[in-house]
Amino acid sequence: MVDAKLTGMGRAEALFEESTWVSRCRQGDETALGLLIARHRARLIRTAANLLRDRHEAEDVAQEAFLKAFRELGRLRDDRAFSGYIYRICVRLCMDRLRLKRAEPGEFDRIQDHDGPSIENRVVIARILDQLPYDLRTTLVLREMEQLSYEEVAEAMHVPIGTVRSRLHTARERFRKLWVEAVGE
Amino acid sequence: MTRGRRAALGAIFGALIVLALHPASRHLYLPAARAWGPSPALSTSKWTNAGLLPRRVRSLSDASAWLSDACERLVTKRQRSPEEIQTFIEIATRAAASDPTNAFWLQVHAVILNASGDRDSALALWRLAARKAMWNDYQSRRFETAAEEAEKAHGNQSWIRAALYPRRSTAAVRLIEAYSRQVLQNASLTDPQGLKIRYDTLANGELIRDGSRHIGIAELGEAIIEAASHPPSMVSTPTPKGLLLSRLEFINSLREHGLQVEAENANQALLENEAWQAMTNREDPKSTFSNFARIAVASSVLPISFLVSSIFGLCLWCLGTFLHRIESARQVCRPPWSVILGVSFATLAYSVTGLWIAALTTALAFGLLAIGPPKKRSRPDGELGPLYRFMLLVITLAMITFIAGFVVGASTPGFYVLESIDVPKEYRDGSTLYLGLVGVCLVFSLLLAPAWALVHRIETSQVLAKTFRELGISLAVIGLVLSVIAGPAAVFADLSVREPLSQILTNESLYYLK
Amino acid sequence: MKIPCGFYAWLEGQSHRRVFGRLASVVSDRHTISCSDCSSDREELSLALDMLRGSSMDFEPSPQFDERLLRRVQVDRVRHSLNYWSPAFVGAAVAALVILTAIQIVSGPAEMPSIKFGNGRAPEARNTLSSEASYLPTLAPRMLDQ
């Protein structure tokens, strides 16, 4: 899951480079640590923001993911798998947060400082996503916004691929209904 | 590293820190690591009785040191210059004036005068000495001072007393005893003058025996007392019956010549001599001292020797890790490096041990490193089996023993004490024998590499690196554990022998009387 | 033949499976042509998902992100190493206590400073040692240093 777009180089070359950084990072190399952060932070923050709909919380989760990944670097058997490893950590941290704040109402005011699509649309989307259970929400966001394949979603969420398919179908249907309700208001 | 191992490692270091800081045990660690070979605190000359003789005679102890040295010189029968003789006489005279109740100064003075040919003056002094109240050669006093000085440098350890014990000189009393025989040769048992000289000799012997602080000196005193009753014709060792008869004859002779008081005193002295002889014949002072001295040396050196084993193990582990990490370093297992190293280390082994077999074994061990499996496993599992671990354990224990042996021999306590307890030279003073044996253990570990490499189909250099690492870790861990265990045990052992050794050093007779 | 709407919904759920993929898509497409309700549902879903995709939050992380993270990593490393070695500290404390107790027991209780009573010296010697205080005259060193 290396984001080759970020580096502009071939997948194999990026993997090799990353495995070198991971290896150096294990020995306490601060420069390699910085390089790994620079390569993955944008993607992690974007995914976390899409899942949580809060940029500050997203940055917080991304930092948590980096910390956890660096702390448990020793458990990583293949240095080339770092990209998927840290992404999985980030997704799970987001899911944990979503699970905990299910009952809380969405804080839409937080997204007002964001430039991009119209604020109204984003508020609507955030409200709709808030009404979805966390597992459906995560599946939908990873598939539709993050454009991950079914296998990648299954891997990130640590569930079988069949579960991803059924969750995605349910999530789409619920999302459509909620969207119709929201747009109809 | 597992949680348990981290806890164990912490425990070892925690225990070592306490042992290195506690006043009762700290001298066993850091100061002991610096105590190698001779110590300035115990004089530069290993067997000089008084250490460095004082340049100025300021006290009776100084006088005693010089007179002991003078007697040692006289025993060697070397011709002394008149100036030297005069100096010794002057020391004895001034010491006798300062210490008028002590017979020792007059006896030594008599011996020196006799050696210089003035027999009449010598006999007069000899008879005068018999009237004194006590006998003290001040050696115990000197040893106490020397022990206090050495304790300032090495801490309060029992081996210091064990190191000082063999320095007690018996030369003065041996000369006195020889002089007493000379006196007795000319003293008849039938005329009053001869009997008085014999009685005075007996009194001198009694003073020496009662004032002695050493079994050897007491035995010489006993011999003088016994000889006083022997007729001049009795040259060989008497039978018990002959001894008894000569005693009775001597006492009767004294009575017959009106020397009633002297007869009673002589009878009492001879009876007491029986008791003294019973005690000194029963005990084996050398063996008793050897036992205490062994414990004293072991307790002072073993903790640091195990620590040295541990440090050696860490070095070995570093070497193994270097071979494991650096691919090019593993070339040492292949020709020509294995040959070059083999020849170099074989030469070193021969120069250290002087044994061809050691050199040959070393060369073969390096040569065998070139042997490896024809086909290697692509993924070795890294586990070489229980026999391999057993072999490593055996080599580890052997290495710890030999390193400890080397350290004990090379340490200051070993340097001063081992010779006096008849430890052969090969095992002491930084013995190369022990170093050679440590080398043999390392050679054994080299032999493990090709053997297990062939069986497990792993590259020999990799097995060698693993062997060095595991051997190093075993040595380090077992060494540390033993050092921690040895710490309190050494404190206990040292304390338990300190008092007996102190008594043996300052008053051996009293120790055996208890 | 027009398939029921329920079956269409099921097929939509299976449309991503390889086995049914193409066939399901063809059948579904045909159904939506003939069924206005399902067609409208499909259109609504498409619009909703487009809106969802369009609301993706792409932004630059805050400038202090790296600095803050590196600081947290350093703090975390220290905390982690402390946690990692905590059993060692506990072991060290326990062992230190045990050794301290052992040495105290072995070396005996602290004693008051005592005057040396000769340590086995003969009574005669004890009486006469006091005379040692009187110094002997210094002798010429060149005669003694042989």
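All of these numbers come straight from a predicted model, not from anything done at the bench. Each chain gets a letter, A, B and so on, in the order its sequence line appears, and its residues count up from 1.
Of all heavy-atom pairs between S55(C) and N50(A), the closest is O-OD1, 4.4 Å. Nearest heavy atoms, I45(A) versus P61(C): CD1-CB, 3.2 Å. Contact detail for F65(C) and E59(A): the closest heavy-atom pair is CE1-O, 3.5 Å.
For E60(C), the part lying near chain A is the backbone, with the side chain staying farther off; criterion is any non-hydrogen pair under 4.5 Å. Only the side chain of I37(A) comes within contact range of chain C, with at least one heavy atom under 4.5 Å from a heavy atom of that chain. If you measure heavy-atom distances from R68(C) to chain A, the contacts under 4.5 Å come from both the backbone and the side chain. For Q147(A), the part sitting under 4.5 Å from any heavy atom of chain C is the side chain, from C-beta outward, and nothing else.
Note on E30(A), E173(A), E146(A): by heavy-atom pairs under 4.5 Å with chain C, the leading option is E30(A).
Between E44(C) and K177(A) the shortest side-chain heavy-atom distance does not fall below 4.5 Å. Put simply, the side chain of H56(A) does not reach to within 4.5 Å of the side chain of S62(C), judged on heavy atoms. V180(A) has its side chain out of reach of D41(C): every pair of non-hydrogen atoms, C-beta onward, lies at least 4.5 Å apart. When side chains are defined from C-beta on, V124(A) counts as touching M51(C), because their heavy atoms get closer than 4.5 Å. Annotation: side chain of L52(C) is in contact with side chain of L129(A) (closest heavy-atom distance under 4.5 Å).
Separation of atoms OG (S46(C)) and CZ (R172(A)) is listed at 10.5 Å; rounding is to 0.5 Å. With rounding to the nearest 0.5 Å, the separation of CZ in F66(A) from CZ in R72(C) is 12.0 Å. D50(C) CG to W179(A) CH2: the interatomic distance, rounded to the nearest 0.5 Å, is 9.0 Å. The CE atom of M57(C) sits 9.5 Å away from atom CG of L52(A), with the distance rounded to the nearest 0.5 Å. To the nearest 0.5 Å, atoms CZ (R53(C)) and CZ (R143(A)) are separated by 8.5 Å.
Legend: residues meeting salt bridge (Lys or Arg N to Asp or Glu O under 4.0 Å) with R77(A), ordered by chain and number and at least two apart, are absent.
Evaluation of the side-chain hydrogen bond (donor to acceptor under 3.5 Å, both in side chains) test over residues 79-99 of chain C, restricted to residues two or more places apart or in two chains, returns none.
Checked by atom type and distance alone, the side chain of R71(A) never pairs as donor or acceptor with a backbone atom of V73(C) at under 3.5 Å.
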